[in-house]
Amino acid sequence: MAKERIDKILSHNGFGSRKDIKKLLRNSEVLVNETRIYDPGFQINQESDKITIDGEEIDLHDNIYLMMNKPMHTVSANKDGEHQTVFELLEDSLRTPYLQDKLHLIGRLDMDTEGLLLFTTDGELTHRLISPKSHISKTYLCVLEHSESPEHKKEIATLFDQGIEVGPEDNEPGFKCQSAEISWASKEVFEYQTVNSSIKEALEKTGVKIENPENQVALLKIYEGKYHQVKRMFTAVNNKVIFLKRISVGSLQLEQDLQPGEYLYLNDDDLEKLK
């Protein structure tokens, strides 16, 4: 990567105007590879040079992209007075004041929902993925309270395909969903998708037993993400979701080896699947 002036790089990364950077270099201890820098025109390589400001290392990589297997009982937020947040699961290097206003979530998952959650500093990607015009799919594994008959499964598929009407919940009004696709999980798919999950806790808490996943565990693909949408869709067909896990966004699948709360950096192939 070509080198850039340090004042330009720091300015583009939220440290103020170039005039502000001059003051920063004069009044703070700015080190590049452990050498104090005063010259605003000093050339740096943001991919390889180590930069610290008053002892705090600054990450100047172009953008950060993370996939987390979000665990149950965590809030998709930066701060919460009551519950643990997903940001608290990140290592300290990702929770610096510099990244605090840049690293954000692409969409959210409810507190009791598990699975694929994306973090990034790339606002353009976030806008593209959450825009209704993008028509990006999200697939969920849905464990239901009771089994469905073959006849009702066909009826559900038709209703979801046509765009089912869901009722109001809390302060949210009812609405007509976009067309959604449903299939039913085999025993093998159910076991594969719940290896690293809290499914046992959910079953113990509700007293639900899974005897035949093909009648009680659904794979639902939706193209929007309104408040409690998946749960409200199954409520509208007289069933209840007792465990919910997001397993993909677009073509990007949740990494199966990730334990709840673990995360990894996305590579170029992963980003291609999102883009």
Side-chain angles (χ1 to χ4, degrees), residues 1-71 74-109 116-131 255 258-259 261-272 274-275:
M1 172 177 284
K3 290 188 174 184
E4 295 272 12
R5 292 170 56 105
I6 192 170
D7 60 351
K8 179 180 178 182
I9 294 298
L10 291 178
S11 179
H12 284 179
N13 283 275
F15 286 89
S17 66
R18 293 205 183 183
K19 186 176 180 180
D20 294 328
I21 304 306
K22 286 184 179 180
K23 292 180 181 178
L24 180 73
L25 292 171
R26 185 169 62 249
N27 299 326
S28 298
E29 186 182 56
V30 179
L31 305 182
V32 176
N33 302 327
E34 301 184 357
T35 299
R36 178 77 183 265
I37 302 300
Y38 297 93
D39 177 13
F42 184 83
Q43 299 283 311
I44 64 171
N45 184 329
Q46 58 185 321
E47 287 296 325
S48 60
D49 288 338
K50 178 182 177 181
I51 302 169
T52 62
I53 298 179
D54 291 335
E56 180 184 338
E57 185 171 352
I58 306 301
D59 188 344
L60 295 180
H61 288 81
D62 288 343
N63 273 305
I64 293 172
Y65 304 92
L66 304 174
M67 169 198 295
M68 176 182 283
N69 183 2
K70 177 193 173 294
T74 55
V75 179
S76 296
N78 234 320
K79 297 179 182 178
D80 188 273
E82 257 182 276
H83 307 283
Q84 184 181 43
T85 73
V86 293
F87 280 87
E88 291 171 11
L89 300 173
L90 301 177
E91 61 193 45
D92 290 344
S93 65
L94 292 168
R95 299 174 62 198
T96 64
Y98 165 70
L99 284 174
Q100 185 172 293
D101 297 327
K102 293 175 66 93
L103 187 63
H104 59 272
L105 297 172
I106 304 179
R108 298 174 181 271
L109 291 175
L116 177 52
L117 189 62
L118 297 171
F119 299 72
T120 190
T121 54
D122 187 343
E124 183 181 341
L125 176 65
T126 300
H127 177 73
R128 185 160 66 246
L129 290 180
I130 67 176
S131 171
E255 174 59 51
L258 283 179
Q259 297 288 333
E262 291 184 343
Y263 58 92
L264 53 76
Y265 286 82
L266 299 184
N267 59 34
D268 290 341
D269 288 340
D270 296 328
L271 291 176
E272 280 301 314
L274 284 177
K275 295 176 180 179

Looking at [X], I'd like to know if its [atom1] atom is crowded, meaning that more than 12 non-hydrogen atoms belonging to other residues, nucleotides or ligands lie closer than 6.0 Å.
| X | atom1 | value |
| --- | --- | --- |
| His127 | NE2 | no |
| Glu91 | CD | yes |
| Glu272 | CD | no |
| Asp54 | CG | yes |

Please give me the minimum heavy-atom distance between Leu105 and Ala77, naming the atom from each residue.
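It is CD1-N, 4.0 Å.
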Task: Considering all heavy atoms, the nearest Pro71-Gly261 contact - done: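 In this case the closest contact between Pro71 and Gly261 is CD-N, 3.6 Å.
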*asked:* Show, in sequence, the C-alpha distance, side-chain angles and deciding distance for Ile6 and Val30, and conclude whether the side chain to side chain contact (heavy atoms under 4.5 Å, CB included) test is met.
replied: CA-CA 10 Å; Ile6 192 170; Val30 179; 4.1 Å; yes
[X] versus [Y]: any side-chain heavy-atom pair under 4.5 Å?
| X | Y | result |
| --- | --- | --- |
| Leu116 | Met67 | yes |
| Glu56 | Ile53 | no |
| Leu274 | Leu266 | yes |
| Leu125 | Tyr65 | yes |
| Met68 | Leu90 | yes |
| Thr35 | Phe42 | no |
| Asp270 | Tyr265 | no |

_Using a 3.5 Å distance criterion without hydrogens, assess whether the side chain of His104 forms a donor-acceptor pair with backbone atoms of Thr120._
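Yes; at least one donor-acceptor contact below 3.5 Å.
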Drop me the distance from [X]'s [atom1] to [Y]'s [atom2], to the nearest 0.5 angstrom.
| X | Y | atom1 | atom2 | value |
| --- | --- | --- | --- | --- |
| Arg18 | Asp7 | CZ | CG | 4.5 Å |
| Thr85 | Asn78 | OG1 | CG | 6.5 Å |
| Leu24 | Lys19 | CG | NZ | 15.0 Å |
| Asn69 | Leu258 | CG | CG | 6.0 Å |
| Thr52 | Arg36 | OG1 | CZ | 10.0 Å |
| Leu103 | Leu66 | CG | CG | 6.0 Å |

- With Thr126, the side-chain contact (heavy atoms from CB on, under 4.5 Å) member among Thr121, Leu118, Ile106: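 Exactly one option meets the side-chain contact (heavy atoms from CB on, under 4.5 Å) with Thr126, and it is Ile106.
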Assess the residue pair Gln84 and Leu89 against the criterion (side chain to side chain contact (heavy atoms under 4.5 Å, CB included)); give the C-alpha distance rounded to whole Å, side-chain angles, the decisive distance to 0.1 Å, and a yes or no. CA-CA 8 Å; Gln84 184 181 43; Leu89 300 173; 3.5 Å; yes
Inset, instruction - Under the side chain to side chain contact (heavy atoms under 4.5 Å, CB included) rule, what do Val32 and Lys50 come out as? Steps first, then yes or no, please. - result: CA-CA 6 Å; Val32 176; Lys50 178 182 177 181; over 6 Å; no
